[in-house]
Amino acid sequence: GANIIAMDDKDGAIGTVIYMFKDKNGAIWMNAKFGGVLKYDGKKFVRYRKEQGLFSNEISCIKEDKEGNIWLGTQQGAIKFDGKQFTRYNKEQGLLSDDVRDIEQDLKGNIWIATGSGLHKMRDGTMTFFTDSHGLANTNIKNLTVDKTGNLWIGTVGGGLNRYDGKYMMTLTKKHGLSDKIIRSV
């Protein structure tokens, strides 16, 4: 049977965990409200905070790209961790807002960054942004997901759900059967 092991701050745990993510190597990444991010490889915890080079201790999401980089959403921008160094992408690199809520990689390798001011696509260091003028129902984006056919689904706060197929942005709202125009999870 399975064993349940309790861990606390003496073991390196960070208290109340808000979000957890399992990377392709089996390590568990966790965050707490202001606790930075914690990696557990099955044997030991490693904590990353500002003191270790992390640009913000407040993490909104944890994702992994196909190359094995860990991406963190923060209120100070998106952070890419290659296992050795943290790289930040914020307004200086082309984001409309530093308030990053979610990050996804699509089937073509593009990195999509959801912020409170719009959607951003990053490819080979080039940043492209999408706002309501590009068909987004609302620029206040909460979350993203990519389906198996490559469509990007965009959950907004107040505009319903968008689906982007690489060419066209489609909006789904209450008239399409959604129960609310605030999409908390996709």
Side-chain angles (χ1 to χ4, degrees), residues 18-21 23-24 29 31 33 37 54-82 86-186:
I18 296 171
Y19 187 87
M20 292 190 343
F21 174 81
D23 70 22
K24 65 183 178 183
W29 294 78
N31 77 308
K33 183 97 174 131
V37 68
L54 190 62
F55 294 94
S56 174
N57 287 334
E58 193 168 352
I59 309 298
S60 57
C61 69
I62 307 168
K63 300 293 174 88
E64 182 178 25
D65 66 21
K66 294 172 187 167
E67 291 77 37
N69 298 305
I70 298 297
W71 287 83
L72 307 169
T74 76
Q75 291 186 349
Q76 304 298 318
I79 299 171
K80 180 174 90 171
F81 182 55
D82 65 6
F86 294 98
T87 304
R88 179 168 54 172
Y89 300 91
N90 59 13
K91 284 183 178 181
E92 292 176 16
Q93 288 76 33
L95 291 182
L96 295 173
S97 167
D98 289 340
D99 181 17
V100 174
R101 280 107 179 257
D102 203 1
I103 301 170
E104 278 292 331
Q105 184 175 37
D106 67 20
L107 301 179
K108 295 177 182 175
N110 299 307
I111 298 292
W112 293 89
I113 301 171
T115 72
S117 299
L119 178 66
H120 304 79
K121 178 175 84 169
M122 189 165 54
R123 178 71 179 196
D124 300 325
T126 301
M127 194 81 71
T128 306
F129 67 89
F130 295 78
T131 64
D132 51 0
S133 66
H134 300 94
L136 277 176
N138 189 311
T139 58
N140 190 356
I141 300 171
K142 180 76 173 153
N143 46 57
L144 305 169
T145 197
V146 176
D147 67 26
K148 65 182 178 181
T149 62
N151 293 310
L152 178 68
W153 293 87
I154 306 151
T156 72
V157 178
L161 182 66
N162 284 111
R163 185 188 76 195
Y164 183 62
D165 66 5
K167 288 184 178 183
Y168 303 105
M169 191 78 68
M170 182 176 127
T171 301
L172 301 166
T173 62
K174 283 184 171 185
K175 72 178 182 180
H176 298 98
L178 294 179
S179 62
D180 198 341
K181 60 185 178 179
I182 297 173
I183 307 302
R184 300 185 197 292
S185 182
V186 181

Would you check if [X] and [Y] make a side-chain contact, meaning some heavy-atom pair closer than 4.5 Å?
X	Y	value
Val146	Gln105	no
Asn138	Val157	no
Leu72	Leu54	yes

For [X], does the [atom1] atom sit with more than 12 other heavy atoms under 6.0 Å from it, leaving out its own atoms?
X	atom1	value
Met170	CE	yes
Glu67	CD	yes
Lys142	NZ	no

Verify, without hydrogens or angle tests, whether [X] (side chain) and [Y] (backbone) share a donor-acceptor contact under 3.5 angstrom.
X	Y	result
Glu64	Lys24	yes
Thr145	Trp153	no
Ser60	Gly73	yes
Asp102	Cys61	no

Q) Which heavy atom of Leu144 sits nearest a heavy atom of Trp112, and at what distance? A) CD1-O, 3.7 Å
Q: Quick one: closest heavy-atom pair of Ile70 and Asp23, and the distance?
A: CD1-CB, 4.2 Å
Mind checking the [atom1]-[atom2] spacing from [X] to [Y]? Nearest 0.5 Å is all I need.
X	Y	atom1	atom2	value
Leu172	Ile154	CG	CD1	10.5 Å
Phe130	Tyr164	CZ	OH	4.0 Å
Leu161	Asn143	CG	CG	8.5 Å
Glu58	Gln76	CD	CD	9.0 Å
Lys63	Asn69	NZ	CG	15.0 Å
Asp82	Thr87	CG	OG1	6.5 Å

[X]: what forms a side-chain hydrogen bond (donor to acceptor under 3.5 Å, both in side chains) with it, not counting sequence neighbours?
X	answer
Thr171	Asn162
Asn90	none
Asn110	Asp106

Q) So, are Asp99 and Arg101 salt-bridged, with charged N and O less than 4.0 Å apart? A) yes
For residues 114-129, which side-chain N or O atoms pair as donor and acceptor with protein atoms under 3.5 Å away, sequence neighbours left out?
from	atom 1	to	atom 2	distance (Å)
Thr115	OG1	Ser117	N	3.0
Thr115	OG1	Gly118	N	3.1
Thr115	OG1	Gly118	O	2.9
His120	ND1	Ile113	O	3.4
His120	NE2	Leu96	N	2.9
Arg123	NH1	Lys108	O	2.3
Arg123	NH2	Lys108	O	3.4

Q) Which residues pass the ring pair (Phe, Tyr, Trp, His ring centres under 6.0 Å) test with Tyr19, sequence neighbours left out? A) none
(Q) Is it the case that the ring center of Trp71 lies less than 6.0 angstrom away from the ring center of Phe21? (A) no
Q: Among residues two or more places apart or on two chains, list those pairs meeting salt bridge (charged side-chain N to carboxylate O under 4.0 Å, His left out) that have a residue in residues 162-180.
A: none
Q) Parallel under 30°, tilted from 30 to 60°, perpendicular over 60°: which one fits the rings of Trp29 and Phe81? A) perpendicular
